[in-house]
Amino acid sequence: MKILIAKTAGFCMGVRRAVEMVMVSPDEKRQPVYTFGPLIHNPQVLSLLEEKGIRALTEIPEHGSGTVLIRAHGVPPEIKSRLKTAGFEVIDATCPRVIKVQTIIRKHAKKGFAAIILGDRDHPEVTGLLGYAGEKGVVVGSLEELEALPAFDQAIIVAQTTQNTQLFDSVKRWAVDKHPHYKIFDTICDSTERRQAEVQRLAGEVDAVVVVGGLHSGNTRRLTEIAAESGKPAYHIETEDDLDQIELKEISANRLIGITAGASTPNWVIKRVYRALEAMRFKKARGWHRLLFTLQRTLLLTNIYVSIGAGCLCFACSKLLGIEKDIYVIISMLYVQSMHTLNHLTGGQSDRFNDPGRALFYDKHQTALTALAVISGAAGLMLAYTTGPVPFLVLLVMSLLGLTYNLRIIPGFLLADRYRRLRDIPGSKTFLIALAWGTVTTLFPYLSVTGTLQIGTVLVFLWATGLVFVRTAFFDTLDMQGDRIVGKETIPILLGEKPTLRLLKRVLLAVLAGMLLSTLLGLVGSVGYALTVCPMFLAGILLAYEKDVMIPGIRLEFLLESHFLVAGAAALLWTVTG
Ligand code: SF4
């Protein structure tokens with residue numbers, strides 16, 4: 001079974017904007033903070049919002065206090081006034097495209113036009129639009145209902161922003177034919193049009209389509225209808241748990257499955273469905289395929305693979321710097337094993353969204369993983385001690401810094417309360433991980449052996465740090481929505497996905513050019529020529545991701561972590577053959 005994910009799947013601009021606005025509200029707005037109705041139909045997001053003290057307001061009390069955020073769907077104008085009269089501060093997160101439709105209706109209502117709204121009568125967006133139409137607003141859900149309406153002297157026709165484009169086309173044809181004096185406004189959002197056009201295309205290419213989104217979400221239902229019109233099986237599911245109930249299990253291993261999702265479906269829900277299908281694919285597979293999948297997943301979850309990667313990187317750096325002692329390779333592995341495991345154990349809140357399988361694994365094996373982290377950390381320190389007291393102290397300080405990453409150690413008087421932990425400092429995770437790896441794989445071995453610092457050491461440190469920076473920031477781009485929900489300010493969240501990918505490509509170019517130049521100038525060992533393969537390997541993964549050749553999942557993660565092994569293998573081959 002192969003899986004394709006639609007490019008348009010997931011949050012639309014309006015929903016993403018509303019989620020971002022509500023996430024910053026607890027820090028910036030009057031408390032308590034409410035959303036007017038549930039922000040999106042995702043139970044995990046809603047429970048996280050509740051944990052942050054953000055609840056959904058369903059009734060407007062006579063007197064209230066705090067802040068109320070209006071969702072992307074918008075509300076009738078009187079709701080806004082009632083909220084203000086009750087004493088709430090109102091943040092209007094109505095999508096700008098919905099505001100445009102509201103404005104069209106309001107402007108024409110003032111001139112006496114009737115407003116015919118093509119949409120779902122009970123949908124909050126339609127309720128909001130109706131509120132701008134005054135007495136002369138009507139909602140129709142089909143061509144039949146439209147035909148049953150009385151003729152108006154003057155009327156406008158608009159559509160709910162997520163309506164079916166084909167239905168609206170037939171409404172337009174009907175109006176031009178029967179009531180040419182009606183004014184028609186094509187108010188279907190272009191994001192909806194693109195999403196519907198893509199699902200139509202996708203359904204043509206695959207053997208079955210899985211549409212992910214709330215069962216009550218109109219736009220998700222429409223996507224399912226469009227997919228089903230192709231004659232292929234189309235399944236509307238809310239979460240990966242629903243996969244068990246559909247006949248997908250019957251689909252043979254060599255078929256193609258397409259995934260798309262509604263406008264309010266978070267990325268991590270799509271990702272979880274993808275992962276579940278991926279796991280289903282390997283459950284079906286026999287022999288080494290299945291074994292390989294299980295092995296890859298286990299190595300990634302336990303951080304053993306990333307720790308082997310750290311060892312390989314340290315080996316490559318040692319060869320560049322002419323260090324012959326292999327003990328530092330082991331120390332690097334133990335340090336990374338310990339720190340990565342501890343940080344997942346203490347700060348895995350975003351894993352609940354980005355990788356629930358990992359969160360579950362950490363919950364289930366908490367004791368064993370804690371033991372693994374403590375033993376590897378202690379073993380690393382003991383080995384460092386055998387090389388001398390100074391390396392031991394350096395590694396101890398690095399370990400303590402790593403341990404305190406998720407703890408509130410910054411005094412409140414120095415920075416605002418939201419920046420009390422190192423991880424709260426915007427972008428800190430990516431930089432600190434890169435610096436820690438660069439230090440343990442390069443500076444630490446070189447300083448321990450020679451006690452001096454050379455220009456070549458700094459160049460190798462920058463090379464290793466650059467590669468780890470790209471690897472970590474790229475992982476962050478895959479986890480953006482989950483990180484945003486839990487308030488993590490990673491580099492992609494600060495810069496945006498595309499600018500981050502551009503930045504990473506530039507870093508890789510600098511890393512490649514730097515290594516080539518350092519080797520040509522003889523500042524590092526000749527193995528540097530072989531190690532130019534690493535930034536090229538990473539750039540290949542980035543490009544494959546951008547072109548949708550690679551989709552987030554186990555394979556992509558495994559390949560990404562493998563570039564450190566490529567570094568180790570290249571260094572070993574060069575040494576053996578050179
Ligand atoms: S579907 Fe379009 S109009 Fe509706 S909230 Fe999303 S971006 Fe806005």
Side-chain angles (χ1 to χ4, degrees), residues 296 299 304-337 383 387 391 434-450 452-472 474 504-544 558-578:
Q296 286 180 335
L299 287 175
I304 290 174
Y305 199 57
V306 75
S307 110
I308 296 172
C312 288
L313 186 65
C314 182
F315 177 75
C317 294
S318 300
K319 294 297 160 207
L320 281 165
L321 296 171
I323 300 170
E324 292 306 328
K325 284 190 179 175
D326 289 340
I327 191 170
Y328 299 104
V329 171
I330 315 280
I331 294 175
S332 300
M333 285 175 67
L334 292 168
Y335 173 78
V336 166
Q337 176 72 58
L383 278 185
T387 65
L435 287 173
W437 275 60
T439 306
V440 80
T441 57
T442 310
L443 297 183
F444 177 71
Y446 196 79
L447 285 172
S448 301
V449 172
T450 66
T452 58
L453 205 61
Q454 309 266 330
I455 178 82
T457 329
V458 177
L459 291 169
V460 175
F461 168 75
L462 291 176
W463 174 77
T465 306
L467 288 178
V468 181
F469 177 84
V470 172
R471 166 240 178 232
T472 313
F474 182 61
L504 299 189
K505 281 187 262 178
R506 282 178 197 151
V507 172
L508 285 176
L509 202 63
V511 162
L512 176 70
M515 180 50 69
L516 212 54
L517 212 62
S518 318
T519 319
L520 277 170
L521 295 174
L523 297 169
V524 299
S526 62
V527 66
Y529 292 122
L531 291 173
T532 51
V533 72
C534 301
M536 290 196 265
F537 185 85
L538 267 182
I541 298 176
L542 253 61
L543 290 176
F558 199 79
L559 203 62
L560 198 58
E561 298 293 24
S562 297
H563 89 277
F564 296 124
L565 275 77
V566 170
L572 185 66
L573 267 177
W574 188 272
T575 315
V576 173
T577 57

Task: Test item: C314 and P445 side chains (from C-beta on) under 4.5 Å apart, heavy atoms - done: yes
Open item on the list: To check you understand the geometry: which heavy-atom pair defines the closest contact between M333 and G311, and what is its length?
Closed with: CG-CA, 3.4 Å
Task: CA sep, side-chain torsions, deciding dist, call: W463, L320, side chain to side chain contact (heavy atoms under 4.5 Å, CB included) - done: CA-CA 11 Å; W463 174 77; L320 281 165; 4.1 Å; yes
TODO: Would you mind telling me which of T472, L467, T465, V336 makes a side-chain contact (heavy atoms from CB on, under 4.5 Å) with W437?
DONE: V336
Open item on the list: So, taking the atom named CZ in F564 and the one named SG in C534, what distance separates them when rounded to the nearest 0.5 Å?
Closed with: 9.0 Å
- [ ] Look up atom CG in L447 and atom CD in Q454, then write down how far apart they are to the nearest 0.5 Å.
- [x] 10.5 Å
TODO: Would you indicate whether the side-chain heavy atoms of T519 and T532 approach each other to under 4.5 Å?
DONE: no
Task: Validation row: Y529, L516 side chains within 4.5 angstrom (heavy atoms) - done: yes
Open item on the list: I'd like to check V449 versus E324 (side-chain heavy atoms, cut-off strictly below 4.5 Å). Are they in contact?
Closed with: no
TODO: Specify the closest pair of heavy atoms between L435 and T439, including all atoms of both residues, with the distance to one decimal.
DONE: O-OG1, 2.6 Å
Task: Steps toward side chain to side chain contact (heavy atoms under 4.5 Å, CB included) verdict (F315, T441) - done: CA-CA 8 Å; F315 177 75; T441 57; over 6 Å; no
Open item on the list: Can you tell me how far apart CD (E561) and CD1 (I304) are? Round to the nearest 0.5 Å.
Closed with: 13.0 Å
Open item on the list: Donor-acceptor pair, distance only, cut-off 3.5 Å: does the side chain of T457 make one with the backbone of L453?
Closed with: no
TODO: Measure across L531 and A570 and return the closest heavy-atom pair with its distance rounded to 0.1 Å.
DONE: CD2-CB, 4.2 Å
Open item on the list: Is there a side chain to side chain contact (heavy atoms under 4.5 Å, CB included) between Y328 and T387? Walk through the geometry before answering.
Closed with: CA-CA 9 Å; Y328 299 104; T387 65; 3.8 Å; yes
Open item on the list: For the OG atom of S562 and the CD atom of Q296, what is their distance to the nearest 0.5 Å?
Closed with: 8.0 Å
Open item on the list: With rounding to the nearest 0.5 angstrom, report the CG to CZ distance, L542 to F474.
Closed with: 5.0 Å
Task: Heavy-atom check, side chain of L538 versus side chain of L560, under 4.5 Å - done: yes
- [ ] Rounded to the nearest 0.5 Å, what's the gap from CG on L512 to CG on L508? Could you check?
- [x] 8.5 Å
- [ ] Considering non-hydrogen atoms only, spot the tightest contact between P391 and F444 and give its length.
- [x] O-CE1, 3.2 Å
Task: V306 and R471, any side-chain heavy atoms less than 4.5 Å apart - done: yes
